[in-house]
Amino acid sequence: VIVVNKSDCVPLLQRDRDYRNEHFDFIQLNLRSVALKHGAALVYTSKDGKNQQTLYDYLLHRAYDLPFSTPADIANNDSVFVPTGWDNSTHIAVLHDGLKSIGPEDAFGDHIKAPTLANS
């Protein structure tokens, strides 16, 4: 399971780094491609609780084969959930439509900069 924490920071990235929806689509495209390659699920979580229960329930489902019925959610950039086996290259290719100035095959670091560490 790939877990993306702090998805509630989307507004900060929009304000401080001028990220637009296409940046978040590009991030999601790359993460979903890696998850698909490795047979992993993808879950975005935030400190306000988005998807935390989904993640917990999904982990219990995978570990103990408990019932789980939460559907995939790829519509919101701050609460993505893609269970193992749901995604495929056709689903992921839909994100190409949202990319205007970023190419789907562009290098990740060309458009998404690593966070800077604050001095202590």
Side-chain angles (χ1 to χ4, degrees):
V1 176
I2 298 172
V3 180
V4 176
N5 295 305
K6 299 186 76 130
S7 65
D8 49 307
C9 290
V10 166
L12 294 174
L13 293 171
Q14 290 171 321
R15 184 191 72 213
D16 297 346
R17 295 194 178 203
D18 196 30
Y19 281 12
R20 298 173 306 280
N21 282 337
E22 74 174 319
H23 289 94
F24 300 109
D25 286 348
F26 184 68
I27 292 168
Q28 187 183 140
L29 183 147
N30 279 272
L31 288 170
R32 287 174 59 190
S33 296
V34 169
L36 180 63
K37 177 181 175 183
H38 295 284
L42 175 65
V43 184
Y44 285 25
T45 64
S46 63
K47 69 179 178 183
D48 63 5
K50 284 185 182 174
N51 275 355
Q52 288 177 1
Q53 189 64 47
T54 300
L55 174 60
Y56 179 77
D57 293 344
Y58 188 71
L59 290 173
L60 290 177
H61 164 71
R62 297 294 297 183
Y64 302 109
D65 201 25
L66 295 176
F68 184 80
S69 60
T70 302
D73 177 8
I74 56 171
N76 300 306
N77 283 328
D78 64 345
S79 61
V80 171
F81 171 63
V82 180
T84 301
W86 180 85
D87 225 348
N88 59 47
S89 56
T90 304
H91 286 153
I92 295 170
V94 171
L95 291 167
H96 294 191
D97 296 341
L99 303 178
K100 305 299 181 214
S101 63
I102 300 174
E105 302 299 326
D106 287 359
F108 192 80
D110 289 349
H111 301 285
I112 308 300
K113 302 302 177 201
T116 54
L117 298 175
N119 292 333
S120 303

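- Residues passing the side-chain hydrogen bond (donor to acceptor under 3.5 Å, both in side chains) test with H111 are D106, sequence neighbours excluded.
- The hydrophobic cluster containing Y19 also contains L95, counting ILVMFWY residues as joined when their side-chain heavy atoms lie under 4.5 angstrom apart, directly or transitively.
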List the atom pairs, donor and acceptor, that lie under 3.5 Å between side-chain atoms in residues 26-33 and the rest of the protein, sequence neighbours left out.
unit_1	atom_1	unit_2	atom_2	d
Q28	OE1	R32	NH1	3.0
N30	ND2	F26	O	2.8
R32	NE	D87	OD2	2.7
R32	NH2	D87	OD1	2.7
R32	NH2	D87	OD2	3.3
S33	OG	L29	O	2.8

#### Entry: Stepwise side-chain contact (heavy atoms from CB on, under 4.5 Å) test for F24 and L13
CA-CA 10 Å; F24 300 109; L13 293 171; 3.9 Å; yes
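- A 6.0 Å sphere centred on NZ of K37 holds no more than 12 heavy atoms belonging to other residues, nucleotides or ligands.
- Remark: R20 pairs with D18, E22, H23, S101 by the side-chain contact (heavy atoms from CB on, under 4.5 Å) rule, at least two apart or across chains.
- With sequence neighbours left out, the side-chain contact (heavy atoms from CB on, under 4.5 Å) criterion links D48 to S46, K50.
- Partners of D97 according to the side-chain hydrogen bond (donor to acceptor under 3.5 Å, both in side chains) rule, which considers only residues two or more places apart in sequence or in another chain, do not exist here.
- When hydrophobic clusters are built by joining Ile, Leu, Val, Met, Phe, Trp and Tyr residues whose side-chain heavy atoms come closer than 4.5 Å, directly or via intermediates, V34 is grouped together with I102.
- Put simply, OH on Y56 and NE2 on H61 are 15.0 Å apart, with the number rounded to the nearest 0.5 Å.
- To the nearest 0.5 Å, atom CG of residue N21 and atom CG of residue L99 are 11.0 Å apart.
- Residues satisfying the side-chain hydrogen bond (donor to acceptor under 3.5 Å, both in side chains) criterion with Q52, sequence neighbours excluded, are absent altogether.
- Residues V80 and L55 do not share a hydrophobic cluster, defined by chaining ILVMFWY side chains whose heavy atoms lie under 4.5 Å apart.
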Just distance, no hydrogens or angles: give the donor-acceptor pairs under 3.5 Å from side chains in residues 1-12, sequence neighbours left out.
unit_1	atom_1	unit_2	atom_2	d
N5	OD1	T45	OG1	3.0
S7	OG	T45	O	3.0
S7	OG	D78	O	2.7
D8	OD1	K47	N	3.4

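- Counting Ile, Leu, Val, Met, Phe, Trp and Tyr side chains that sit under 4.5 Å apart, directly or through other members, V94 stands alone, with no cluster partners.
- Between P115 and R17, the shortest heavy-atom contact is CA-NH2, 3.4 Å.
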Pairs under 3.5 angstrom only: tabulate donor-acceptor contacts from the side chains of residues 64-73 to other protein residues two or more places apart or in another chain.
unit_1	atom_1	unit_2	atom_2	d
D73	OD1	A75	N	3.1

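- By the ring pair (Phe, Tyr, Trp, His ring centres under 6.0 Å) test, H91 pairs with W86, sequence neighbours left out.
- Residues that satisfy the side-chain hydrogen bond (donor to acceptor under 3.5 Å, both in side chains) test with Y58, not counting sequence neighbours, are T84.
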